[in-house]
Amino acid sequence: SGGNSWVSKIPATGGTPTDLVNLGPGSPTMVARWSPRGDWIAFTAGGGGPEGTRRHPLSLIPVNGGDPRKLAERGYQTGWAIRADGTEIY
């Protein structure tokens, strides 16, 4: 508790993680998924506040890092998927 949360990627063969974005304290990554083409990662991050008031926004980040782009402010935890052609998240 009290530490920062990150979205990171790690080679499947092992090695050093590459941190893509620092989410700050109190905002753990809930779920992260690769896009079908492998050019971005969609993720949800928990917000602070009492249980039931957390928003869990849905964001995208390029696989090589950069600024995340928030797609939706609320309502997403684990029940979402990326369409096979990468054009929609539902």
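Being a predicted model, the structure only gives us computed values, none of them experimental.
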Trainee: Could you list the residues that satisfy side-chain contact (heavy atoms from CB on, under 4.5 Å) with Thr16, not counting sequence neighbours?
Mentor: none

Trainee: Is there a donor-acceptor contact under 3.5 Å from the side chain of Asp19 to the main chain of Val21?
Mentor: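 Here the side-chain-to-backbone pair does not exist.
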
Trainee: Restricting to pairs with a member in residues 62-72, which pass salt bridge (charged side-chain N to carboxylate O under 4.0 Å, His left out), not counting sequence neighbours?
Mentor: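 Non-adjacent pairs meeting salt bridge (charged side-chain N to carboxylate O under 4.0 Å, His left out): Lys70-Glu73.
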
Trainee: Quick one: are Ile10 and Thr18 in side-chain contact, heavy atoms under 4.5 Å?
Mentor: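 Side chain of Ile10 against side chain of Thr18, heavy atoms only: no contact under 4.5 Å found.
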
Trainee: Nearest 0.5 angstrom please: Ile61 CD1 to Leu20 CG, how far?
Mentor: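 One gets 5.0 Å once the value is rounded to the nearest 0.5 Å.
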
Trainee: What side-chain donor-acceptor pairs closer than 3.5 Å can you find for residues 35-43, not counting sequence neighbours?
Mentor:
residue	atom	partner	partner atom	Å
Ser35	OG	Gly38	N	3.2
Ser35	OG	Asp39	N	3.1
Ser35	OG	Asp39	OD1	2.8
Ser35	OG	Trp40	N	3.3
Ser35	OG	Trp40	O	3.3
Arg37	NH2	Asp39	OD2	3.1

Trainee: Are the side chain of Lys9 and the backbone N or O of Pro17 linked by a donor-acceptor pair below 3.5 Å?
Mentor: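 No, Lys9 side chain to Pro17 backbone: no donor-acceptor pair under 3.5 Å.
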
